[in-house]
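What follows is a short report on a single structure.
Bear in mind the structure is a predicted one, so any value in this text is a computation, not a measurement.
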Amino acid sequence: MRWKKYIPVYAVLGLAGLIMVLPVAMMLFNSIMGSQEIKEAYGAVLGEGAGKLSVRFLPVYPTLRPYVELLLDSPDFFVMFWNSVKQVFSVLIGQTVVGTMAAWAFARYEFAGRKPLFLMYMILMVMPFQVTMVSSYLVLSKLALLDTHLALILPGIFSTFPVFIMEKFFRAIPKEVFEAAKVDGAGEVTSFLWIGIPLGSPGIISALILNFLEYWNSVEAPMTFLKTKSKLPLSLYLPKITMDQMSVSFAASIVMMLPSVLGFLWGRDYLQKGIEASGLKE
């Protein structure tokens, strides 16, 4: 009967889990509500009617019309979706190339200024976008890259966060492995490609997943650097929806959330390793 003493703990954890899941569940059920039902429930808040707010968990008349309207009758949605795909995956590919090489250099080589340079990386990593926004805007303006996809891609490629995560995994590889490879005739490039990349893959994958979640949901940078509607990412689609399309907005939220959820579920083991490594000290 030892399990009885854990009942309060399970109750608290269950309540906390319910609080976190409830908004997502409400968003899912609201996405299959019709426009009229949405107005009846939330019209007082949206300025579409009088009376009190009426929160409805389950739709009275469920319908897939919001998804049909979103996926078949909303060309702007697909334009913004493919913009997000181009921007985010270009950033991730660039981070894979640039970040792994930078992390390898920090982990494998001792050179003058290594610690101050890595400290600068960490300082840049914790700086919020608002701090670097003006300087980034000026640089991109000088390079004539404003209002282009490269305005989001290039700063993302040279992000310092992936380097911080990957360096921990590369440093954790035993030196004896590289010494044995060197005896067998492997050079630095061979060691990097055939030893460093495979053994450091958990760090690489965890960094890429975390950055995917960040850039897929990015709002401030696109709003600052992009002006043309046809170049905006999917994260700015919801603010463009009018009040009479609230049911479509719930459907768009679900569709936009799916890649993040699937990416998290696929790479949660790598994410755990990445979070553990980010707390390690040299």
Side-chain angles (χ1 to χ4, degrees), residues 67 69-103 124-125 128-130 132-133 135-166 197 201 203-241 245 248-267 270-271 274:
Y67 287 95
E69 186 175 346
L70 175 71
L71 299 177
L72 299 181
D73 299 330
S74 303
D76 288 348
F77 175 82
F78 287 98
V79 171
M80 292 184 172
F81 178 84
W82 288 114
N83 285 341
S84 288
V85 170
K86 288 186 288 186
Q87 293 164 7
V88 173
F89 283 93
S90 296
V91 168
L92 297 182
I93 293 172
Q95 287 181 350
T96 303
V97 176
V98 176
T100 51
M101 292 192 292
L124 291 172
M125 181 182 68
F129 173 76
Q130 292 84 353
T132 60
M133 178 176 63
S135 57
S136 299
Y137 187 94
L138 294 175
V139 171
L140 293 172
S141 177
K142 197 71 174 178
L143 296 174
L145 293 177
L146 287 177
D147 201 25
T148 67
H149 293 305
L150 289 176
L152 301 179
I153 295 172
L154 285 182
I157 288 176
F158 296 99
S159 173
T160 58
F161 176 73
V163 178
F164 176 76
I165 295 293
M166 296 176 190
I197 297 296
S201 58
I204 298 172
I205 295 174
S206 63
L208 294 180
I209 292 175
L210 289 171
N211 276 279
F212 172 81
L213 297 177
E214 177 184 355
Y215 288 101
W216 185 260
N217 299 296
S218 177
V219 173
E220 294 176 324
M223 288 182 65
T224 304
F225 302 141
L226 299 179
K227 302 301 179 185
T228 305
K229 184 179 179 181
S230 61
K231 297 176 182 177
L232 296 178
L234 188 58
S235 55
L236 296 182
Y237 180 74
L238 291 180
K240 306 295 182 181
I241 295 179
Q245 295 179 301
V248 177
S249 71
F250 285 115
S253 299
I254 294 296
V255 174
M256 182 178 176
M257 186 177 61
L258 279 177
S260 299
V261 173
L262 294 176
F264 174 81
L265 293 176
W266 174 77
Y270 296 107
L271 284 174

*asked:* Below 30° counts as parallel, above 60° as perpendicular, anything between as tilted: where do the rings of Phe89 and Phe212 land?
replied: tilted
_Could you measure the distance from the CD atom of Glu214 to the CD1 atom of Ile209? Nearest 0.5 Å is fine._
14.0 Å
*Is there a side-chain contact between Val255 and Phe81, using heavy atoms and a 4.5 Å cut-off?*
no
*Rounded to the nearest 0.5 Å, what's the gap from CG on Leu154 to NE2 on His149? Could you check?*
12.5 Å
*With a 4.5 Å heavy-atom cut-off, do Thr96 and Leu208 have their side chains touching?*
yes
*Atom CG in Leu138, atom CG in Leu146: separation rounded to 0.5 Å?*
9.0 Å
*Closest contact, heavy atoms only, Asn217 versus Leu213*: ND2-O, 2.8 Å
*Kindly compute the distance separating CD1 (Ile157) from CG (Asn211), expressed to the nearest 0.5 Å.*
11.5 Å
*Would you indicate whether the side-chain heavy atoms of Leu236 and Val219 approach each other to under 4.5 Å?*
yes
*Under 3.5 Å, is there a donor-acceptor pair between the side chain of Ser159 and the main chain of Gly156?*
no
*Is any side-chain heavy atom of Leu70 closer than 4.5 Å to a side-chain heavy atom of Tyr237?*
yes
*Quick one: does Asp76's side chain get under 4.5 Å of Lys229's, heavy atoms only?*
yes
*Would you sort out whether Lys86 and Ile153 count as a side chain to side chain contact (heavy atoms under 4.5 Å, CB included), showing the intermediate values?*
CA-CA 9 Å; Lys86 288 186 288 186; Ile153 295 172; 6.0 Å; no
*How far apart are the closest heavy atoms of Ala221 and Phe129, and which atoms are they?*
CA-CZ, 3.7 Å
_Check: Ser90 side chain, Gln87 main-chain N or O, donor-acceptor pair, under 3.5 Å_ = no
*Could you give the distance from OG (Ser230) to CG (Asp147), rounded to the nearest 0.5 Å?*
8.0 Å
*Taking all heavy atoms of Ser235 and all of Trp216, pick out the closest pair and write down the distance.*
CB-O, 3.9 Å
*Can you tell me how far the OG1 atom of Thr224 sits from the CE atom of Met133, to the nearest 0.5 Å?*
5.5 Å
*Which pair of non-hydrogen atoms, one from Met166 and one from Gly203, has the smallest distance, and what is that distance?*
CG-O, 4.2 Å
